[in-house]
Amino acid sequence: MSAINYSEKIPNNVNLSEDRALQRALEHWQPNYLKWWSEMGPTGAQAHDVYLRTAVSVDPAGWANFDYVKMPDYRWGIFLTPTDAQRKIHFGEQKGETVWQDVPGEHRANLRRIIVTQGDTEPASIEQQRQLGLTAPSLYDLRNLFQINVEEGRHLWAMVYLLHRHFGRDGREEADALLERRSGDTNNPRILSAFNEQTPDWLAFFMFTYFTDRDGKFQLNALAESGFDPLARTTKFMLTEEAHHMFVGESGVARILARTCEVMKQLGTDDPETVRAARVIDLPTIQRYLNFHYSVTIDLFGADQSSNAAMFYSAGLKGRFEEGKRDDDHALGGATYPILDVADGRIVEREAPMLNALNEVLRDDFIRDSVAGVGRWNKVMEKAAIPFRLQVPHKAFNRRIGTLANVRASPDGSVVSETEWAANERRWLATAEDRAFVASLMVGVTEPGKYANWIAPPPLGINRQPLDFAYVRLN
Ligand SMILES: [Fe+2]
Ligand SMILES: [Fe+2]
């Protein structure tokens with residue numbers, strides 16, 4: 001059941017060959033995807049042989065097969081986890097009913113919107129990351145970047161399959177539009193604002209994969225609860241790939257911290273300028289990058305109060321993170337949840353109906369998960385006996401969406417005036433000078449086993465290969 005048929009043009013485990021119209025539609029989309037990949041995928045890397053993991057089945061043994069592949073030849077396919085015939089809708093107004101294998105007419109527009117919004121982030125991140133291959137700090141890192149890029153491409157395929165299979169002509173038009181929007185484009189940008197920001201350097205890339213791919217994890221988990229079973233089964237498989245993306249971010253930042261701490265110890269300094277002069281990234285700059293990526297990412301969860309979020313939940317379209325592990329009534333009629341508001345110039349908590357606050361619930365789950373990893377980063381400084389600690393900023397800091405978009409707050413959560421904000425912004429968010437400094441460190445290191453000066457080697461290679469393995473053969 002779960003084996004993937006690789007002899008077909010589009011590898012899949014959904015019996016695509018039995019639905020000729022669907023197969024033709026996807027085979028028509030495929031060359032457009034490849035054209036988009038060659039134009040907007042990794043710059044100058046299409047001929048490289050990359051040591052990539054490719055899924056050959058959806059069970060634990062099958063989705064991690066490693067071999068050299070040229071990225072345009074990567075077998076992007078359509079993989080759903082197996083159906084569970086017993087599966088029931090387990091939250092919302094239709095709780096207890098059998099899950100849907102087809103889209104219920106009344107939920108069509110909303111499900112399409114949910115799928116398109118998720119689908120749009122996948123090619124967006126590839127576009128954001130397309131220049132990074134030119135300045136990878138090692139072949140190991142280059143390979144990880146490309147692994148993420150091909151998997152985000154596969155995530156796009158996953159959403160496009162749902163659009164083609166379940167949404168007829170509108171779905172096909174939406175699938176075409178996913179290849180037409182461009183990250184950062186003024187006329188036809190990507191849907192969500194974090195996906196129109198630049199990812200210009202590797203510190204930004206590691207912060208992005210730590211925080212923004214983790215937004216993906218939480219969105220996908222919420223969709224994996226969906227009463228629309230094909231969406232649940234698709235997103236479940238996507239989650240297996242997402243874990244690696246977050247690993248790249250977490251370990252990348254940890255390696256930068258390790259190298260910076262090592263140099264600080266050698267020089268016996270904590271002065272940022274001295275640290276920079278040694279060509280490694282000073283800790284306050286890392287904190288400012290963190291503040292930026294964290295605040296931009298928590299905006300992705302949407303407004304703190306949202307009638308759409310309530311409707312998606314009540315209709316059984318999108319659940320909470322780990323819905324099945326929560327022991328409330330899964331209908332949330334009378335439940336409340338604390339959200340932030342501003343009163344008398346201070347940020348205060350107040351209770352809101354939980355149904356309306358579900359974006360906030362998911363954001364808080366994300367925050368708990370993010371903070372745990374920041375704690376692991378701080379262990380690097382602790383071990384080096386350096387007192388500096390990274391911190392996530394307050395939820396109100398630098399927000400653009402929801403109630404908090406209307407206030408200026410410092411990273412510790414005090415409301416500040418425009419003047420105070422302007423006077424401190426350079427201490428709180430990465431500046432153009434910070435970015436220029438980090439950019440000045442970025443030079444591609446292409447010799448196996450060599451790592452750029454500003455980052456420590458990883459403790460282990462990929463798939464138990466040694467650190468000096470040729471993870472990418474440049475062609
Ligand atoms: Fe993704
Ligand atoms: Fe991802």
Side-chain angles (χ1 to χ4, degrees), residues 33 36-37 40-42 50 52-55 58 63-64 71 74-81 114-130 132-133 141-163 174-175 178-179 181 183 190-192 194-197 199 202 204-224 226 231-253 293-294 296-298 300-301 318 321 362 366 369-370 373 462:
Y33 170 79
W36 168 84
W37 179 271
M40 298 312 295
V50 188
L52 290 177
R53 161 181 95 171
T54 305
V58 296
W63 59 272
M71 283 185 281
Y74 183 80
R75 302 305 313 274
W76 285 287
I78 300 161
F79 317 129
L80 274 61
T81 55
I114 288 171
I115 292 166
V116 167
T117 307
Q118 177 62 43
D120 193 64
T121 66
E122 316 290 358
S125 68
I126 299 169
E127 292 168 357
Q128 288 170 294
Q129 294 163 15
R130 66 187 301 255
L132 290 170
D141 291 288
L142 187 61
R143 179 251 165 237
N144 284 346
L145 167 72
F146 292 155
Q147 181 74 55
I148 292 173
N149 292 158
V150 294
E151 285 174 353
E152 301 302 10
R154 207 200 66 71
H155 291 176
L156 171 60
W157 270 94
M159 294 297 111
V160 163
Y161 166 73
L162 294 177
L163 290 169
E174 293 285 12
L178 285 167
L179 297 176
R181 285 184 286 271
S183 176
R190 291 295 171 183
I191 296 170
L192 300 169
F195 291 89
N196 287 301
E197 300 284 351
T199 311
W202 279 76
F205 172 65
F206 291 137
M207 290 291 180
F208 184 98
T209 46
Y210 184 77
F211 289 111
T212 312
D213 283 81
R214 187 176 312 273
D215 160 72
K217 166 184 165 180
F218 280 82
Q219 299 296 346
L220 293 174
N221 265 291
L223 297 177
S226 183
L231 177 60
R233 292 164 55 208
T234 303
T235 45
K236 257 180 212 142
F237 185 66
M238 291 163 76
L239 278 164
T240 58
E241 294 163 327
E242 211 61 70
H244 172 71
H245 308 177
M246 290 178 291
F247 158 80
V248 168
E250 180 167 339
S251 58
V253 172
H293 285 273
Y294 177 83
V296 164
T297 301
I298 62 175
L300 285 171
F301 292 89
K318 182 178 178 183
F321 177 64
L362 196 58
F366 165 89
D369 205 47
S370 298
I462 291 291

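Numbering of ligands and ligand atoms starts at 1, following listing order.
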Cationic tip of R214 above Y210 ring, under 6.0 Å, 45° of axis: yes

Between H293 and E197, a side-chain donor and acceptor under 3.5 Å: no

Listed partners of Y161 passing ring pair (Phe, Tyr, Trp, His ring centres under 6.0 Å), at least two apart: none

With Y33 via ring pair (Phe, Tyr, Trp, His ring centres under 6.0 Å) - residues at least two apart: W29, W36, W76, W157

Lys/Arg-Asp/Glu bridge criterion (N-O < 4.0 Å) met for R53, E151: yes

Residue pairs involving residues 204-213 (criterion salt bridge (charged side-chain N to carboxylate O under 4.0 Å, His left out); sequence neighbours excluded): none

Environment of the Fe ion (ligand 1) in terms of protein N/O/S atoms, cut-off under 2.8 Å: E122 OE1, E152 OE1, H155 ND1

